[in-house]
Amino acid sequence: MKTAILGPAQRAEALARMAERELDILVVGAGVVGAGTALDAATRGLSTGLVEARDWASGTSSRSSKLIHGGLRYLEMLDFALVREALKERGLLLERLAPHLVKPVPFLYPLQRKGWERWYAGSGVALYDAMSVSSGHGRGLPVHRHLSHKRALQVAPCLKKDALVGALQYYDAQMDDARYVATMVRTAAAYGAQVANRARVVGFLREGERVVGVRVEDVEGGGDYEIRAQQIVNATGVWTDDTQALIGERGQFHVRASKGIHLVVPKDRIHSTTGLILRTEKSVLFVIPWGRHWIVGTTDTDWDLDKAHPAASSADIDYLLEHVNDVLATPLTRDDVEGVYAGLRPLLAGESDATSKLSREHTVAHPVPGLVVVAGGKYTTYRVMAKDAVDEAVHALDQRVADCVTEDVPLVGAEGYRALWNARARIAARTGLHVARIEHLLNRYGSLTEELLELVVADPSLGEPLAHADDYLRAEAVYACTHEGARHLDDVLTRRTRISIETFDRGTRSAREVAELIAPALGWDSDQVEKEIAHYQKRVEAERESQRQPDDLTADAARLGAPDIVPL
C-alpha cells in the first residue's frame, strides 16, 4: 500500500477532486469519529471525502486524557456491554491496529479502608481483566495485582503514608490522541479517501427534502466548493447541533458539552513508577505517565460557551490541585504546572442535570434523506461508532457494499513496526542518532520513521533537536507540514507535537525556530512567519490570562481575546 502524503499540494488536489464528481460518502468533521468513518467507508471500496473546518483533531480529539480504556468506573454503573465493547477495542488497538501508537500503562488504585474495599474493588478489577481476556484481544496486558501498604509505597513513594492502607494495580493503555487521528486520516487517504482540513462546511445542498451535498469554504486558499455525495455523515462532535442547524434540522437528539481540564507537570514532581487513579466526590482523577511528564485530570462540568476554545479557569486548576494533593506527600503548586488544556466531551443529553450522569453511549440517526448523524460515545470505541455510521449510510446507497473490515486494517506505520523496534540499535548506528531518538520516532511514527530519516539524510541539520523543546527533532516539524497536513504554527506546536503543554514557556520560545523551519514547506514569506509567531504568542497569552480568571464566564472572555489565525 502506498503511503499518502498530506502536503499543501495534496490538499488543494483533494478539494478539487471532491468537487469534480459525486462521492458515495462525504464525512464532515475530522475528529477521531470522523476520521474513523472516512477510513471505514474507504476500506469498503466507497468513494469517500473528509472535510474539517480547522485541523485534524483540533476539537475534543486532541484534548482527552490520552487513554484507551474499557471504562473501569462503568462497571460500577453495571454498564457491562459498554465495558466489554471498549475492552475489545483496546485489545485490537494494542495488538493489531496501532501497536506503534497505543501502549500499556499501569495504574495504582489506593485503598483507604481495610477489609470490604479490597474485596469490592478487587472484584471489579478482576472482572475487568476477565472481560478483557474473554474478548479475545486482552492477553497482551498484565493482570491486576494486590499490593500491601508497604509495597504500594515502594511502587509510588509520592503517596502520603496515611492516604492508603494498601492498593490495587491494573493496566490500561494510552496514546497521543491528536497523533492517532492524524495517522488515521493518512490511512484513510492511503485507501483512496480525499481529505482536506481548513475546509469549512457553510451550508447544505438540497433537492426537495433530500440532502445531496455541502457548500465548503476553503479557509486557506479562499473560494467555495460544492461537494456532492449520495450520503453525508455529520461527525462533528460537540458541534453536532450547530451543523444540524445549517439545514434547519435540530436532529433527533441533543448533544451537550462537558468540560474536562488537565494539568501537565514534570516527571520529577511526582515520584512514582505507576500512574494513579483516585476517587473524588464527583468522578475519578487520573495521574497519567506522559513521557517526561505527568498528566493530571480531569474535571467534569457543564459548558455552554465557546466550543472552539474551551477555557480552563483558576477554579478548575485549584480543583485538580486540591484533589491530587489529598494523597501526595509533596503537594503540587501552581509553579509546578507546565501546561493546561481543556476539552469538551460530546454527551448525549438525558434527563439528569449532572454531566457525569449523561450517556457515554453513541447514537446514529438518519434525520433526513441523505444525511446521517453520529454522536456521543468515547474515544476508545471510535471504530464501532464509525462502523455503525457507515452501516446506516450504505442502507440508502443503490449498490452492494462490503461489510466493515477495519478490525483487520492496521493504521499506517503499524506494519513492520515491531521488526524496526527490534532493529532500533542498528538503525541508530546507521543514522548517527542516539537509540533513544529512534525509539521516540518509532513510538510516534512506527515504520513511517524511515520517511523522517530520509529528511535527515537530505538535510543533516534536521537531525538536531529543537533548541527549546529537545524531545523533538527539527525534522518532525518539517514532516508535520510536508506529510501530515499541518497548515499553521499552532498545528505543529499543539497537535503534531505537544510542545504547547510540555514546556513551561508553552512553546513560545520554540515558535520562531519552528516557524522558520516550516515556512519553505508552506510557501510562507517573512511577513507570514511573523504573523504566525505573533498569533501563537497571543494565543498563549490569552490562555494564561483565562487560567487566572475565577470562573467559566471570565475565563471564556479572556481566551477569546486571541482570534484564530487567518492566512494572508
Side-chain angles (χ1 to χ4, degrees), residues 31-33 36-37 40 60-61 64-95 97 102 105 107 109 120-121 123-138 141 144 170-175 177 180 235 237-238 240 252-258 260 277 279 282-286 297-298 300 343-352 354-365 373-392 404 406-407:
V32 68
V33 176
T37 302
D40 188 293
T60 303
S61 295
S64 73
S65 297
K66 325 292 185 214
L67 292 178
I68 295 292
H69 63 113
L72 186 58
R73 70 189 178 105
Y74 297 118
L75 278 183
E76 198 168 30
M77 301 176 188
L78 305 181
D79 198 342
F80 300 113
L82 180 64
V83 175
R84 184 181 296 108
E85 179 180 80
L87 287 172
K88 176 188 174 183
E89 295 303 312
R90 184 190 71 175
L92 278 171
L93 296 174
L94 277 165
E95 297 169 10
L97 303 185
V102 181
V105 59
F107 285 102
Y109 176 71
Y120 178 77
S123 298
V125 177
L127 178 59
Y128 194 65
D129 284 345
M131 291 171 71
S132 175
V133 172
S134 68
S135 74
H137 298 283
L141 290 178
H144 76 283
Y170 74 98
Y171 278 77
D172 257 319
Q174 70 176 164
M175 48 61 220
D177 48 7
Y180 191 94
V238 294
T240 298
Q252 299 170 2
F253 49 82
H254 175 60
V255 176
R256 183 167 157 188
S258 166
I277 177 172
R279 187 182 289 275
K282 295 179 181 178
S283 184
V284 294
L285 186 71
F286 287 101
T298 179
D300 193 354
L344 301 176
R345 303 175 191 88
L347 303 180
L348 298 179
E351 296 178 358
S352 169
T355 59
S356 61
K357 295 180 181 178
L358 296 182
S359 176
R360 295 312 302 273
E361 300 281 0
H362 69 273
T363 293
V364 176
V373 184
V374 55
K378 56 204 286 282
Y379 201 112
T380 303
T381 55
Y382 79 86
R383 196 190 63 81
V384 179
M385 296 175 67
K387 173 187 178 297
D388 289 349
V390 178
D391 282 348
E392 181 67 29
C404 173
T406 53
E407 190 170 317

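Since we're looking at a predicted model, the values are computed, not measured.
Annotation: Tyr109 is not in aromatic contact with Tyr170 [ring centroid separation under 6.0 Å not met].
Looking at Arg345 and Thr298, their side chains come closer than 4.5 Å, going by heavy atoms from C-beta outward. Arg383 is listed as a side-chain neighbour of Cys404, based on a closest heavy-atom distance under 4.5 Å. Side chains of Leu93 and Tyr180 form a contact here, defined as non-hydrogen atoms less than 4.5 Å apart. Looking only at side-chain heavy atoms (C-beta outward), Pro346 and Thr60 come within less than 4.5 Å of each other. Two residues are said to be in side-chain contact when any heavy atoms from C-beta on lie closer than 4.5 Å; Val32 and Met385 fail this criterion. Glu392 is not listed as a side-chain neighbour of Val374, based on a closest heavy-atom distance of 4.5 Å or more. Counting only heavy atoms from C-beta outward, the side chains of Glu89 and Leu92 approach each other to under 4.5 Å.
Atom OG1 of Thr363 and atom CG of Asp388 lie 10.0 Å apart (nearest 0.5 Å). The distance from atom CD1 of Ile68 to atom CG of Leu87, rounded to the nearest 0.5 Å, is 11.5 Å. Note that NZ of Lys387 and OG1 of Thr381 are 13.0 Å apart. Values are rounded to the nearest 0.5 Å. To the nearest 0.5 Å, atoms CE (Met131) and CZ (Arg84) are separated by 4.5 Å. How far CG of Leu348 is from NE2 of His254: 10.0 Å, rounded to the nearest 0.5 Å.
Phe107 pairs with exactly one of Tyr128, Phe286, Tyr171 by the ring-ring contact (aromatic ring centres under 6.0 Å, His included) rule, that one being Phe286.
A salt bridge links Glu407 to Lys88: at least one charged side-chain nitrogen sits closer than 4.0 Å to a carboxylate oxygen.
The main-chain N or O of Thr406 is never found under 3.5 Å from a side-chain atom of Asp40 such that the two would form a donor-acceptor pair. Side chain of Thr37 to backbone of Val33: a donor-acceptor contact under 3.5 angstrom is found. Judged by distance alone, the side chain of Tyr379 and the main-chain N or O of Asp177 form a donor-acceptor pair under 3.5 Å.
Arg90 and Thr380 share no side-chain donor-acceptor pair at under 3.5 Å. For Ser258 and Asp300, the side-chain atoms include at least one donor-acceptor pair closer than 3.5 Å.
For the pair Val255 and Ala375, the tightest heavy-atom approach, listed with the atom from each and the gap, is CG2-CB, 3.6 Å. Residues Gly71 and Val83 share a closest heavy-atom pair of O-CG2, 3.5 Å.
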